[in-house]
Amino acid sequence: MTIHELQNEILCLKKENDVCILAHSYQAHEIQEIADYTGDSFGLSVQAAKAEQKTIVMCGVNFMAETVKILSPEKTVILANSEAGCPMAEQMDKDIISAVKRQYPGYAVVAYINTTAELKTICDACVTSSSAVKIVKNLPDKKILFVPDCNLGDYIAKQIPEKTFKLLSGGCPTHARISVSDVKKAKAAHPDALLLVHPECKPDVVALADFIGSTTGIMEFARKSEYKKFIIGTEISIAESLSYELPDKHFYPLSKDLVCHNMKVTTLMDVYRAVQGCGKEIILPENVIRDARKCIDRMIELG
Ligand code: 13P
Ligand code: SF4
């Protein structure tokens, strides 16, 4: 089968089997083309709550599929490739954070959505990169324990100097890999391009950016900007998608190492199998769904 034939098969099967396909923007282009919705972590969670189909196939990583299950427990939720985990989400678990919480009484625990469902059960609110500053500002608490991404935490803390933050040393291996020397090289190669970066990058990289935003934030900025050239400091698929969408503009990945191998493990063939019921079905205990939901609902309410 050609890619195009496989895509058509998937589109027919998804209709027949009442399936909604959600794909994160870091997925391969041929997967994004057949998805009902593509977007960043926040957008995917909003769409998951709205989807009318009885089955949702998540083309993304495990925590994203768990979020869908928490928001729509009555639906069958399938992670298209069972190997697709997020290393950042696996860095900290419920036991570690429970122990840290005991050391910091009086702190509200705010979790990046890139955490396990189990860890969310003991957190006060959840955030995505696009909604983090707004949500943390809107929380009544003045002391925030932010987990697990210290780079995103540092970015939020700088926007909200009136609050006190405790950060731990977690982070995204893909974004944290980028250094100031990568920025210097990219700027030397493209001196008239704007630098757009994701706040999961290190603070010294973020400090050199012309714009800081989530996946969707970066895409929106590039669409609206009058500039023609951009260095893209987030997963490499975003530079690729933007160049297809805006062919009169130029997008240069900040580094060729900006690849999330966990996002890229999912293939179109996995999606073909998933719309037929294969893949990893997400099963969560009722109490985990109930308690993690409070933290996600708070995100939707405050964001
Ligand atoms: P956003 O989708 O919120 O931009 O986060 C990026 C990411 O690393 C997803 O895993
Ligand atoms: Fe996890 Fe980073 Fe990959 Fe996102 S880009 S899934 S945070 S490893």
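Order of listing sets the numbers, starting from 1, for every ligand and every atom in it. Hydrogens, waters and symmetry mates are skipped; everything else that's a heavy atom, side chains included, is used. All values reported here derive from a predicted model rather than from experimental measurement.
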**Item:** pair Tyr26-Val259: side-chain heavy atoms closer than 4.5 Å
**Value:** no
**Item:** Identity of the nearest option to atom 7 (C) of ligand 1, non-hydrogen atoms only, from His175, Met64, Met263, Glu200
**Value:** Glu200
**Prompt:** Salt bridge check: are Asp248 and Lys228 linked by an N-O gap of less than 4.0 Å?
**Reply:** yes
**Request:** Would you tell me whether Lys280 and Asn81 have side-chain atoms, one donor and one acceptor, within less than 3.5 Å of each other?
**Result:** no
**Message:** Side chains of Lys187 and Ile231, heavy atoms from C-beta outward: is any pair under 4.5 Å?
**Reply:** yes
**Prompt:** Which bit of Glu235 gets closer than 4.0 Å to ligand 2, counting heavy atoms only: side chain, backbone, both or neither?
**Reply:** neither
**Message:** At under 4.0 Å between heavy atoms, is it the side chain or the backbone of Asn114 that contacts ligand 2, or both, or neither?
**Reply:** side chain
**Asked** Going by an N to O cut-off under 4.0 Å, is there a salt bridge joining Lys120 and Glu66?
**Response** no
**Prompt:** Of the protein's non-hydrogen atoms, which lies at the shortest distance from atom 2 (O) of ligand 1, and what is that distance?
**Reply:** His24 NE2, 2.7 Å
**Prompt:** What is the closest protein heavy atom to atom 8 (S) of ligand 2, and at what distance does it sit?
**Reply:** Pro87 CD, 3.5 Å
**Asked** Can Asp257 and Arg177 be counted as an ion pair, charged N to O under 4.0 angstrom?
**Response** no
**Evaluation steps, ring-ring contact (aromatic ring centres under 6.0 Å, His included), between Tyr244 and His29** = CA-CA 10 Å; Tyr244 297 144; His29 190 69; 4.3 Å; yes
**Asked** When only distance counts, is Thr215 in polar contact with ligand 1, meaning an N/O pair under 3.5 Å?
**Response** yes
**Request:** For residues Val100 and Met92, determine if any side-chain heavy atom of one lies less than 4.5 Å from a side-chain heavy atom of the other.
**Result:** no
**Message:** Centre-to-centre under 6.0 Å for Phe146 and Phe165, is that the case here?
**Reply:** no
**Fill in**
Closest to atom 2 (Fe) of ligand 2 among protein heavy atoms sits Cys172 SG, 2.3 Å
**Request:** Mark the output for Glu235 as yes if a heavy-atom distance to ligand 1 is under 4.0 Å, and as no if none is.
**Result:** no
**Message:** Below 3.5 Å, N or O to N or O, backbone or side chain included: is there any such pair between Thr128 and ligand 1?
**Reply:** no
**Asked** Counting both backbone and side chain atoms, is some N or O of Ser129 under 3.5 Å from an N or O of ligand 1?
**Response** yes
**Message:** Just to confirm my output: which protein heavy-atom neighbour is closest to atom 3 (Fe) of ligand 2, and how far is it?
**Reply:** Cys260 SG, 2.3 Å
**Request:** Go through ligand 2 atom by atom and flag the ones less than 4.0 Å from a non-hydrogen atom of Met88.
**Result:** 7 (S)
**Complete:** for atom 1 (Fe) of ligand 2, nearest protein heavy atom and its distance come out as Cys86 SG, 2.4 Å
**Prompt:** Does His24 have a non-hydrogen atom less than 4.0 Å from ligand 2?
**Reply:** no
**Request:** Could you say whether the N/O atoms of Thr216 and ligand 1 ever approach to under 3.5 Å?
**Result:** no
